[in-house]
2 protein chains.
Amino acid sequence: MTRPQQTISEKTIERLSVYRRYLKELQKQGKERVYSHELSKLVSGTPAQVRRDLMPVGGNGCSSKGYEVNLLIEEIAKLLDCNDKQNIALIGAGNLGRALLGYLSGSRDNYDIVALFDNDPEKYGRVICGKRCYCIDQLAEKIKEYKITTAILAVPGEAAEATAEILIGTGIKAILNFAPKHITTSSTVFIETLDITKALEKAIYFSRKNT
Amino acid sequence: MTRPQQTISEKTIERLSVYRRYLKELQKQGKERVYSHELSKLVSGTPAQVRRDLMPVGGNGCSSKGYEVNLLIEEIAKLLDCNDKQNIALIGAGNLGRALLGYLSGSRDNYDIVALFDNDPEKYGRVICGKRCYCIDQLAEKIKEYKITTAILAVPGEAAEATAEILIGTGIKAILNFAPKHITTSSTVFIETLDITKALEKAIYFSRKNT
DNA sequence: CTAAAGTTGTGAAATCTTGCACAGCGTGAT
DNA sequence: ATCACGCTGTGCAAGATTTCACAACTTTAG
Ligand SMILES: NC(=O)c1ccc[n+]([C@@H]2O[C@H](COP(=O)([O-])OP(=O)(O)OC[C@H]3O[C@@H](n4cnc5c(N)ncnc54)[C@H](O)[C@@H]3O)[C@@H](O)[C@H]2O)c1
Ligand SMILES: NC(=O)c1ccc[n+]([C@@H]2O[C@H](COP(=O)([O-])OP(=O)(O)OC[C@H]3O[C@@H](n4cnc5c(N)ncnc54)[C@H](O)[C@@H]3O)[C@@H](O)[C@H]2O)c1
């Protein structure tokens, strides 16, 4: 019985990532099984949504006993990570870039920041948080060398589009962008922009609307 | 003719924030009018969506001449900011917190981080990036004093839920949360969680799915 | 063994969001 | 003055996502 493998929505992928994080916590606590309604509370969803999200990961999930935590983590990993550690590049070793580096350098077993890039001679050539920082000119070369498929873009807004173009040119497949710029491309590269200002302005707006 | 003022969706609010940012750039460039199809390109949407988003901001928008940039910025500001500068608190002056502080301390005219809070004696009592850092124990007191309605939460995951509870207790109205924890509450406080790991795992997943 | 309680997987309904398409209008050309 | 063009505002359809609701199954108790 092979998986139907119809495309999975972005939202479902996001929630699977979140479920997995909680599942790992449960695993640490020694919990062996979990019900959809437990997961749903951790995430403000409904049990039905959790069950639907879990459908494409493969049907372990046993009536009346719920899901087996270990197995579920494994199956989600198969789907999200393809059992394959991904090499990531971080472009822009500024304030945000270094914070991210510290945050993401911890014990992640499914991806790893393997190279930094910057155009500031003060920064490239050094090792920051245990990772080598290269000159931005070496981007294409190093991305090939390290087999990097995903990049985190943390350069100033003015440089974001041009840098993204270069990245796309190197054959990279996805970009997580922190610059407050929408990056347009005709290629099929997946671009996710995390727009902090947008999130804050939204919070401010709704701070006035609630009750 | 008063605005219908039916509730505006979260997605529309987010896009309005983004439109405004681009409009301000256009303004700087001296552009006076803009068409929905121009805005839509900057954001990968359709012109129809832009027009629909702009409907609740009040109908300036003139056939054949498009929207007047200055006016549109003003109208969006009325909606998003209520012509009112918001005071924001930043909880957790760690790596991310300080990066955010630097980023958000620039020339924002609609909100301002006015106070920091931390539980580390090394940090509170000081002035960081021009803002005073208080001990977390003074949270309630200072939030009242500064009339703060929105908080940015950048404390470690373990402390996030407890800190959010305290925040909610102070009567705050919205929280922008960076900790990788879902914050559950029965109150009507608006909570937006910006989950960076989730975004990265999503990017990694789609890096493999595209073409 | 049977029944009760509680859970999964999923079709179908409900809701939310986006895109189409066109009436109506302002503009500029003829 | 008239007309063609291109844009806005919006009813409505299409699409996407969430929720409901129930059959099927497992476990536990009697
Ligand atoms: N700091 C934050 O908390 C924060 C929050 C939200 C968004 N952002 C966005 O993230 C980006 C980075 O912010 P930051 O605060 O780290 O800025 P920063 O100025 O501290 O760092 C930017 C880094 O990029 C490098 N750089 C500049 N141009 C480059 C280029 N062409 N190629 C390679 N490297 C280049 C600089 O040398 C510097 O090291 C900006 O777009 C900013 O808008 C930052
Ligand atoms: N650094 C990043 O780029 C990054 C990215 C994504 C998410 N996050 C999340 O953001 C949060 C902060 O990350 P960070 O890298 O800045 O961590 P950090 O350890 O550098 O900073 C945390 C700060 O919070 C303070 N703190 C701890 N407990 C507190 C409490 N109970 N009350 C008040 N202050 C308290 C600490 O003293 C410290 O200053 C974490 O939840 C982390 O998971 C960070």
Side-chain angles (χ1 to χ4, degrees), chain A residues 1-19 23 26 31-69 71-72 75-76 79 182 198 202 206 209, chain B residues 1-19 23 26 31-69 71-72 75-76 79 182 198 202 206 209:
Chain A
M1 190 272 284
T2 54
R3 206 71 32 73
Q5 196 50 15
Q6 49 190 328
T7 58
I8 305 170
S9 82
E10 283 193 36
K11 299 226 176 141
T12 294
I13 294 296
E14 290 184 4
R15 283 188 298 259
L16 286 174
S17 164
V18 176
Y19 297 150
L23 287 166
L26 296 180
K31 208 157 184 306
E32 291 188 357
R33 319 203 115 261
V34 66
Y35 297 121
S36 61
H37 69 258
E38 296 175 291
L39 280 174
S40 75
K41 275 200 206 85
L42 295 173
V43 150
S44 291
T46 61
Q49 184 171 63
V50 173
R51 294 200 297 273
R52 206 170 273 280
D53 285 338
L54 292 180
M55 242 189 290
V57 311
N60 70 85
C62 171
S63 359
S64 206
K65 283 194 310 185
Y67 300 86
E68 205 179 312
V69 174
L71 192 54
L72 198 47
E75 292 292 336
I76 293 179
L79 186 79
H182 182 81
K198 178 179 88 175
K202 175 168 129 179
F206 284 104
K209 298 296 155 178
Chain B
M1 186 271 286
T2 53
R3 206 71 32 70
Q5 195 49 13
Q6 49 190 326
T7 59
I8 305 171
S9 82
E10 283 194 35
K11 299 225 174 141
T12 294
I13 294 295
E14 290 185 2
R15 282 188 298 258
L16 286 174
S17 164
V18 175
Y19 298 149
L23 286 167
L26 297 179
K31 208 158 184 307
E32 291 189 356
R33 318 203 116 262
V34 66
Y35 297 121
S36 61
H37 68 258
E38 296 175 292
L39 280 174
S40 76
K41 277 204 203 83
L42 294 173
V43 150
S44 292
T46 61
Q49 183 170 64
V50 173
R51 295 200 297 272
R52 203 171 277 279
D53 285 339
L54 292 180
M55 242 189 290
V57 312
N60 68 85
C62 168
S63 354
S64 205
K65 285 193 310 187
Y67 300 87
E68 204 179 312
V69 173
L71 193 53
L72 198 48
E75 293 292 337
I76 293 179
L79 186 79
H182 183 82
K198 178 178 88 175
K202 176 167 129 180
F206 285 105
K209 298 296 156 178

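Computed from a prediction, not measured in an experiment: that's the story for all the values here. Chain naming here is simple, since letters A, B, ... match the order of the sequence lines and numbering starts at 1 in each.
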Review point. Side-chain N or O of B:Tyr67 less than 4.0 angstrom from OP1 or OP2 on D:dG9?
Key: yes
**Study point:** Under-4.0 Å side-chain N/O to phosphate OP1/OP2 contact, B:Lys65 with C:dT27
**Key:** yes
Just how far, in rounded Å, is [atom2] of [N] from [atom1] of [X]?
X: A:Tyr35; N: D:dC25; atom1: OH; atom2: P; answer: 19 Å
X: A:Ile8; N: D:dT18; atom1: CD1; atom2: P; answer: 14 Å
X: B:Arg33; N: D:dT8; atom1: CZ; atom2: P; answer: 10 Å
X: A:Glu75; N: C:dG9; atom1: CD; atom2: P; answer: 12 Å
X: A:His37; N: D:dT19; atom1: NE2; atom2: C1'; answer: 18 Å

So [Y] and [X], do their side chains get closer than 4.5 Å, heavy atoms only?
X: B:Tyr67; Y: B:Arg51; answer: yes
X: A:Leu79; Y: A:Ile8; answer: yes
X: A:Leu72; Y: A:Tyr19; answer: no

Review point. Among D:dT8, C:dT8, D:dT26, which nucleotide sits nearest the side chain of A:Ser64?
Key: D:dT26
Review point. Roughly how bent is the helix from C:dC1-D:dG30 to C:dT30-D:dA1 end to end, in steps of 10 degrees, with each end axis from five pairs?
Key: 0°
Exercise for review: List the steps and the verdict of side-chain contact (heavy atoms from CB on, under 4.5 Å) for A:Val57 and A:Leu16.
Suggested key: CA-CA 9 Å; A:Val57 311; A:Leu16 286 174; 3.9 Å; yes
Practice item. Check the pair B:Cys62, B:Glu68 against side-chain contact (heavy atoms from CB on, under 4.5 Å), reporting the backbone distance first and the verdict last. Key: CA-CA 8 Å; B:Cys62 168; B:Glu68 204 179 312; over 6 Å; no
Review point. If you look at every heavy atom in A:Lys31 and A:Glu38, which pair is closest and at what distance?
Key: NZ-OE2, 3.1 Å
Study note, to complete from the structure: Closest non-hydrogen contact found for A:Lys65 with A:Tyr35 is C-CE2, 3.5 Å
Check your understanding: Just how far is it from atom OG of A:Ser40 to atom CZ of A:Arg15, taken to the nearest 0.5 Å?
Key -> 11.5 Å
Revision key, fill the gap. Comparing nearest nucleotides in DNA chain D, the 5'-proximal residue of the pair B:Ser36, A:Cys62 is B:Ser36
Point to revise | Protein proximity profile, nucleotides 12-21 of chain C - base contact B, sugar-phosphate-only contact S, no contact -, cut-off 4.0 Å on heavy atoms | key: B----SSBBB
Check your understanding: In a check of side chain to side chain contact (heavy atoms under 4.5 Å, CB included) between B:Leu23 and each of B:Ile76, B:Leu42, B:Val18, which one passes?
Key -> B:Ile76
